[in-house]
Amino acid sequence: MSEENTNFIEKIVEADIAKGLDPKSINTRFPPEPNGCLHIGHAKAICVDFGTALKYGAKCNLRFDDTNPTKEDTRFVNAIQEDIKWLGFTWDDRLFYASDYFERLYGLAVELIKAGKAYVCRLSSEEFKEYRGVPGSAGKPSPDRDRPIAENLELFAKMRAGEFEEGKYVVRAKIDMASPNMHMRDPAIYRIKKDHHHRTGDTWCIYPMYDFAHGLSDAIEGITHSFCTLEFEVHRPLYDWFIENTSILQTLKIQPRQYEFARLNLTYTMMSKRKLQQLVEEKVVEDWDDPRMPTLAGLRRRGYTPNAIKNFCEAIGLTKYNSLTELELLEYHLRQDLNKKALRRMAVFNPIEVEIENFEEGKIDWLDAINNPEDESAGTRKVPFSKRIYIERDDFMENPPNKYYRLSPGAEVRLRYAYLMTCKSVIKNENGEVVKLICTIDPQSRGGNAPDGRKVKGTIHWVDSSNCVQAVMKIYDKLFTKEDMSDIEEGKDFKDYLNPNSCLDTVAFAEPSVKELPAGTPIQFERVAYFVIDSKTSKPDALVFNRTVALKDSFKK
RNA sequence: UGUCCGAUGGUGUAAUGGUAGCACAAAGGUUUCUGGCACCUUUUGUUGGGGUUCGAGUCCCUAUCGGACAACCA
């Protein structure tokens with residue numbers, strides 16, 4: 001927010017404004033197809049579409065690009081809206097569907113036919129392919145390319161009336177069979193599909209293709225800047241062609257223009273919607289909102305925050321070349337956000353019992369603990385302390401190396417918010433494993449500081465052994481082990497790179513106040529990691545552990 | 001193979017033709033009741049070759065490398 005780098009998309013917009021374009025007339029759009037859940041890559045697009053509009057006081061429409069009934073579902077229409085709202089963007093009353101324009105688009109197709117710029121073609125998809133030819137040499141015209149207009153009109157009407165089977169006919173724009181751009185070789189603009197559409201039901205059995213529908217839908221809505229990813233670059237001439245060859249052009253104050261930017265690639269992350277869908281279908285993951293999924297729903301369940309995602313999108317910038325962003329950058333932005341917000345709690349994962357020799361049996365000492373040292377308004381809480389506590393096994397070493405600040409025989413550490421404690425003796429089982437520590441506390445140090453002002457280097461975390469909650473946790477790690485998931489080797493499947501340890505169940509002992517926190521609350525178990533109470537199960541003792549954004553443990557050896 | 005697009009440290013990105021900067025990562029240090037956070041420091045860069053210019057990351061040519069496209073998907 002402070003340094004304000006202007007990306008190239010913003011420069012385009014600013015150049016238009018400089019040329020006299022009224023910022024208030026700028027209109028962008030976010031056009032998802034409701035055939036799956038939104039993922040982090042879409043978040044980038046959302047930030048471009050909604051974010052750019054917001055920056056210049058302009059509008060951004062939400063339009064569902066629902067022109068292929070076979071793949072789409074109302075479930076995703078709802079989920080997508082939820083995710084965009086969660087990110088914090090709004091489309092106000094500008095919620096549209098390409099399917100709203102089916103009648104209008106049909107009319108425009110008729111118009112093209114009447115102008116001799118489109119025709120009904122009988123070629124099968126195989127023949128279509130063959131006639132189109134290959135890059136480098138011209139294709140050959142369809143035998144129907146010069147079918148009389150009246151006949152085209154009649155056939156198109158019959159297509160709409162459902163008189164033909166799927167695949168029998170297709171409507172094609174008459175452009176240029178010799179174009180070096182394959183998309184200009186008489187692209188299909190309407191095909192027959194007898195599937196049930198999630199909104200229009202069985203009203204239609206012909207559906208417009210993307211290239212025909214998209215630009216014209218933009219034009220219908222008065223979109224001025226249409227941002228999309230790089231793979232649509234070759235479609236741009238088509239985007240312009242349909243607008244410029246139909247009557248819609250005359251209705252436009254500003255002709256919409258398409259601009260492309262590079263899509264997001266993240267290390268260890270699968271970004272292909274099709275493959276994510278496969279993971280859901282094959283039950284490799286729970287569902288679209290599995291915490292291991294890069295979907296917004298999954299990230300949300302995993303404890304990611306809207307701010308973290310938006311700041312990340314801001315930080316990665318916008319270019320026209322493909323890159324592979326390190327997952328660490330996303331995690332950094334989450335840590336940044338969570339550091340300010342997450343409530344601190346104490347928990348022990350791998351416990352070792354500590355008995356405090358000089359503490360009264362049966363007594364419970366309630367100590368004050370700060371909820372968030374970075375946010376005073378988060379207040380304090382009481383933590384119980386008694387004769388027997390658990391500490392982390394890693395926080396004790398019988399033969400500590402140099403610069404080990406935690407507990408070892410004879411050493412003194414601070415139990416956070418409690419007492420200074422010294423290890424007196426170590427109890428082992430017959431295998432020589434440490435099972436219990438006998439320690440003493442300095443009763444004068446209640447709260448964590450000794451009256452004589454002596455310093456201890458290490459502060460460790462603990463829970464009361466008889467007054468704690470057993471938290472059932474799912475520890476989530478990266479779903480894939482391969483860095484670049486967009487580049488799968490020949491003969492390999494992307495599922496060959498699944499991480500077998502991406503979801504592990506474990507139990508931890510947490511301080512009792514964890515029970516009182518609502519689902520979805522981000523927690524930082526101090527010096528360990530970030531957690532969130534699972535919003536799916538809503539069980540206060542069911543936690544999601546975000547291992548990939550765990551705090552750095554910089555103690556080596 | 002044909003057309004189009006692109007190339008700045010390990011990674012992601014900045015730089016009206018005028019000192020190559022920021023962030024992540026890595027390494028070292030200071031501080032600390034979280035070995036976190038914060039703060040400080042360090043390392044590494046304009047793909048190669050030509051040209052234009054007083055001056056090129058930027059403009060031109062060329063080579064190389066990378067990507068997109070050849071769905072009745074979006």
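Throughout, a chain's letter reflects where its sequence line sits, starting with A, and its residues are numbered from 1. Everything quoted here is computed from the prediction, not taken from an experiment. Keep in mind that the numbers below use all heavy atoms, side chains included, and drop hydrogens, waters and symmetry copies.
- Residues A/Arg344 and A/Glu374 are paired through a salt bridge, judged by an N-O separation under 4.0 Å between the basic side chain and the carboxylate.
- When the P atom of B/U3 is taken as reference, atom CD1 of A/Ile175 falls 20 Å away, rounded to whole Å.
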Strictly under 3.5 Å: I want the nitrogen or oxygen pairs between protein and nucleotides 7-10 of chain B, one per line.
from  : atom 1 : to       : atom 2 : distance (Å)
B/G10 : N2     : A/Glu326 : OE1    : 3.2

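- Taking atom C1' in both B/G57 and B/G9, the straight-line distance is 14 Å, to the nearest Å.
- Judged purely by atom type and a 3.5 angstrom limit, A/Asn350 has no side-chain atom pairing as donor or acceptor with the backbone of A/Asp394.
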### Task
Would you sketch RNA chain B in dot-bracket for me? Only Watson-Crick or G-U wobble pairs with both distances under 3.5 Å count, crossing pairs as [ ], other-strand pairs as |, the rest as dots.
.((((((..((((....[..)))).(((((.......)))))....(((((..]....))))))))))).....

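- Atom CG of A/Leu334 and atom C1' of B/C37 are 14 Å apart (whole Å).
- Within 4.0 Å of A/Tyr207, counting heavy atoms only, lies no atom of the nucleic acid at all.
- Salt-bridge formation is detected for the pair A/Arg381/A/Glu511: a Lys NZ or Arg NE/NH1/NH2 atom is positioned less than 4.0 Å from an Asp or Glu carboxylate oxygen.
- Ring geometry for A/Phe385 against A/Trp462 counts as perpendicular: the plane angle is over 60°, on a 0 to 90° scale with 30° as the lower cut.
- Nearest nucleotide to the A/Arg344 side chain, out of B/G36, B/A14, B/C24: B/G36.
- A sub-4.0 Å separation between OP1 or OP2 of B/A14 and a side-chain N or O of A/Thr6 is absent.
- Residues that satisfy the salt bridge (Lys or Arg N to Asp or Glu O under 4.0 Å) test with A/Glu127, not counting sequence neighbours, are absent from this structure.
- A ring-ring contact (aromatic ring centres under 6.0 Å, His included) with A/His197 is found for one member of A/Phe102, A/Tyr97, A/Phe64 and no other, namely A/Phe102.
- Residue A/Leu324 is in sugar-phosphate contact alone, with no base atom involved, counting any heavy-atom pair closer than 4.0 Å across all strands shown.
- Comparing B/A15 with B/G21, their C1' atoms are spaced 7 Å from each other, to the whole Å.
- A/His333 places its NE2 atom 13 Å from the P atom of B/U13, with the value rounded to the nearest Å.
- Atom CZ of A/Arg263 sits in a sparse spot, with 12 or fewer heavy atoms from other residues, nucleotides or ligands closer than 6.0 Å.
- Going from the P atom of B/A20 to that of B/A56 covers 12 Å, rounded to whole Å.
- Contact of A/Arg406 with B/G35 (side chain to base): a donor-acceptor pair of N or O atoms is detected under 3.5 Å.
- At the heavy-atom level, A/Glu331 lies nowhere under 4.0 Å from the strands shown.
- To the nearest whole angstrom, the two C1' atoms, one in B/U52 and one in B/U62, are 15 Å apart.
- No salt bridge links A/Asp144 with A/Arg172; every basic N to acidic carboxylate O contact stays at or beyond 4.0 Å.
- Atom CG of A/Asp375 is separated from atom C1' of B/A38 by 16 Å (rounded to the nearest Å).
- Remark: A/Lys129 NZ is loosely packed, at most 12 non-hydrogen atoms of other residues, nucleotides or ligands lying under 6.0 Å away.
- Judged by a 6.0 Å distance limit and a 45° cone about the ring axis, A/Lys193 is not positioned over the six-membered ring of A/Tyr207.
- Residue pairs meeting the salt bridge (charged side-chain N to carboxylate O under 4.0 Å, His left out) criterion with at least one member in residues 179-192 of chain A, sequence neighbours excluded, are A/Arg145-A/Asp186.
- We find that CG of A/Asn372 is positioned 17 Å from P of B/G36, with the value rounded to whole Å.
- Between A/Leu264 atom CG and B/U13 atom P there is a gap of 9 Å when expressed in whole angstrom units.
- Rounded to a whole angstrom, the distance from the P atom of B/U8 to that of B/U41 is 28 Å.
- Taking 4.0 Å as the cut-off between side-chain N and carboxylate O, A/Glu233 and A/Lys320 count as a salt-bridged pair.
- Straight-line distance from the CG atom of A/Leu327 to the C1' atom of B/A25: 12 Å, rounded to whole Å.
- Across B/C5, B/A38, B/A14, the shortest atom-to-atom separation from the side chain of A/Lys11 is found for B/A14.
- Note: CD1 (A/Ile40) to C1' (B/G12) measures 14 Å, nearest angstrom.
- Annotation: B/G67 and B/A25 have their C1' atoms spaced 25 Å apart (nearest Å).
- Using a 4.0 Å heavy-atom criterion, one finds that A/Ile370 contacts no nucleic acid atom at all.
- Screening residues 328-339 of chain A for salt bridge (charged side-chain N to carboxylate O under 4.0 Å, His left out) gives A/Asp337-A/Lys341 as the qualifying pairs, with residues at least two apart or on separate chains.
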### Summary
Readout for nucleotides 65-74 of chain B: B = base within 4.0 Å of protein heavy atom, S = sugar-phosphate only, - = neither; 5' to 3' it is --SSSBSBBB

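- Remark on RNA chain B: of its neighbouring residues A/Gly458 and A/Thr325, the 5'-side contact belongs to A/Thr325, judged by nearest-heavy-atom nucleotide.
- Using a 4.0 Å cut-off, some side-chain N or O of A/Thr319 falls inside it from OP1 or OP2 of B/U13.
- To the nearest whole angstrom, the two P atoms, one in B/C65 and one in B/G17, are 31 Å apart.
- Nucleotides B/C40 and B/C4, compared at atom P, are 49 Å apart to the nearest Å.
- Closest contact between the side chain of A/Glu328 and the listed nucleotides B/C24, B/G35, B/U34 involves B/C24.
- When each of A/Arg29, A/Gln258, A/Glu260, A/Arg257 is tested with A/Ser226 by the rule side chain to side chain donor-acceptor pair (under 3.5 Å), just one qualifies, namely A/Arg29.
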